[in-house]
Amino acid sequence: MNFDIIILSLTILGNNFLQVDKYHAERINMVKSQITDRGISNTATINAMRKVPRHLFVPMEYVNDAYGDYPLPIGFGQTISQPYIVAYMTEVVKPTEKKKALEIGTGSGYQAAVLAEIVDTVFTIEIIPELANESAARFKQLGYNNIIGKSGDGYNGWPGHSPFDIIIVTAAANAIPKPLIDQLAENGRLVIPVGEPGAIQELMLLVKKNGKIETNRLTFVRFVPFKRSKS
Ligand code: SAH
């Protein structure tokens, strides 16, 4: 190998490291200014938000906005949620390492990845086949072997893998789908935006205790609509 090639290789490697460092620094800043400074205190959630490379979950044209304080378009009229909302929803479901989670609305796969950093297994359902395929490829590439995804209408949950300790719905429904409540484990926690699509919705937390459901109203949010497949 001659010296030119060595120098060229080192330059390419160096640029890659600088890129990685750039996003790493942005991510650490994002977690401080948007997550911990706003009151998120669950250590597992904070560590997961520091680790998951959000810039690899957004379309190329938004890569420099990946750590901004807002949602971003991911195609097909859908969005990846604002980082704070992802952290908030993760914290309220009290994730720990032995838990099994279900997410409805995979989208980019970012919320699933944040959860997968903490819990044992994440099952996730996405109604738009293209987004389901893209996120599946992303999980594979990034080594998220504990995320199991499928394409379909998540209204009926995933009975074959229920009950779930955690259910996160990332699309707004007028009413909470009953099958999801039924698939919640004892002491399980379900978080879902409830309200009219296109309007401000209320984020609700349901907790199953002794078979009964406790409902808590958390905050106001704006999510894309929960859709139903026609069949
Ligand atoms: N959790 C995602 C957010 C995606 S936006 C992320 O981290 O990027 C919500 C997603 O829910 C959209 O991709 C939308 O297609 C999907 N969705 C809407 N209704 C659905 C349904 N009934 N079943 C499954 N996915 C649904």
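Counting starts at 1 for both ligands and their atoms, in listed order. From a predicted model like this one, the values you see are computed outputs, not experimental measurements.
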As an exercise, identify every atom of ligand 1 less than 4.0 angstrom from a heavy atom of Ile80. 8 (O)
Is it true that Lys100 and Asn146 share a donor-acceptor pair across their side chains at a distance under 3.5 Å? no
Within ligand 1, which atoms have a heavy atom of Leu131 less than 4.0 Å away? 13 (O)
May I ask you to identify the nearest protein heavy atom to atom 25 (N) of ligand 1, giving residue, atom name and distance to one decimal place in Å? Ile127 N, 3.1 Å
For Ala171, the ligand 1 atoms with a heavy-atom partner under 4.0 Å come out as 11 (O), 18 (C)
Using 4.0 Å as the upper bound for N to carboxylate O, is an ion pair formed by Glu117 and Lys51? yes
State whether Asp37 and Lys32 are salt-bridged, where the test is any N-O pair (Lys NZ or Arg NE/NH1/NH2 against Asp/Glu carboxylate O) under 4.0 Å. yes
Any side-chain heavy atom of Met89 sitting closer than 4.5 Å to one from Gln111? yes
Please step through side chain to side chain donor-acceptor pair (under 3.5 Å) for the pair Thr124 and Glu103, ending with a clear verdict. CA-CA 5 Å; Thr124 181; Glu103 180 198 29; 2.7 Å; yes
Determine, for Tyr155 and Arg228, whether the Lys NZ or Arg CZ falls below 6.0 Å from the six-membered ring centre while staying within 45 degrees of the axis. yes
If you count every heavy atom of other residues, nucleotides or ligands that lies below 6.0 Å from Glu61 atom CD, does the total exceed 12? yes
Ignoring hydrogens, what is the shortest heavy-atom contact between Ala113 and Phe57? Give both atom names and the distance. CB-CZ, 3.7 Å
Relative to the heavy atoms of Thr79, which atoms of ligand 1 are at a distance of less than 4.0 Å? 3 (C), 4 (C), 5 (S)
Whether over 12 other heavy atoms sit under 6.0 Å from Glu186 CD: yes
Contacting atoms of ligand 1, where contact means under 4.0 angstrom from a heavy atom of Ile104: 23 (N), 24 (C)
Could an N or O of ligand 1 be found under 3.5 Å from any N or O of Phe226, whether backbone or side chain? no
Between Val86 and ligand 1, which residue portion shows a heavy-atom distance shorter than 4.0 Å: side chain, backbone, both, or neither? neither
Considering only non-hydrogen protein atoms, determine which one is nearest to atom 9 (C) of ligand 1 and report residue, atom name and distance to 0.1 Å. Thr170 O, 3.3 Å
Could you tell me how the ring of Tyr67 sits relative to the ring of Tyr23: parallel (under 30°), tilted (30 to 60°) or perpendicular (over 60°)? tilted
Of the side chain and backbone of Ser108, name the one, both, or neither that has a heavy atom under 4.0 Å from an atom of ligand 1. both
Can you tell me if Glu126 contacts ligand 1 (heavy atom of the residue under 4.0 Å from the ligand)? yes
Are any of the N/O atoms on Lys227, whether in the backbone or the side chain, positioned under 3.5 angstrom from an N/O atom of ligand 1? yes
With a 6.0 Å cut-off (strictly less than), is the heavy-atom count around NZ of Lys150, excluding the residue itself, greater than 12? yes
Looking only at protein heavy atoms, which one is nearest to atom 11 (O) of ligand 1, and what is the separation? Gly105 CA, 3.1 Å
Does Asp65 come within less than 4.0 Å of Arg54, counting only side-chain N to carboxylate O? no
Near Gln111 (heavy-atom distance under 4.0 Å), the atoms of ligand 1 are 1 (N), 7 (O)
For Asn145, is the CG atom crowded, meaning more than 12 foreign heavy atoms sit under 6.0 Å from it? no
Verify, without hydrogens or angle tests, whether Glu91 (side chain) and Ser41 (backbone) share a donor-acceptor contact under 3.5 angstrom. yes
Can you list the ligand 1 atoms lying under 4.0 Å from a non-hydrogen atom of Ile128? 15 (O)
Any non-hydrogen atom of Ser135 lying under 4.0 Å from ligand 1? no
Please say whether Asp153 places an N or O atom under 3.5 Å from an N or O atom belonging to ligand 1. yes
Below 4.0 Å from ligand 1: does a non-hydrogen atom of Ser229 turn up there or not? no
Looking only at heavy atoms of Thr106, does any of them come nearer than 4.0 Å to an atom of ligand 1? yes
At under 4.0 Å between heavy atoms, is it the side chain or the backbone of Ala112 that contacts ligand 1, or both, or neither? neither
One finds that the ligand 1 atoms under 4.0 Å from a non-hydrogen atom of Gly152 are 23 (N), 24 (C)
Shortest reach to atom 12 (C) of ligand 1 by a heavy atom, considering only Glu103, Gln78, Lys150: Gln78
Look only at interatomic distance and state if Gly154 has a nitrogen or oxygen under 3.5 Å from any nitrogen or oxygen of ligand 1. yes
What part of Val224, side chain from CB on, backbone N/CA/C/O, both or neither, has a heavy atom under 4.0 Å from ligand 1? side chain
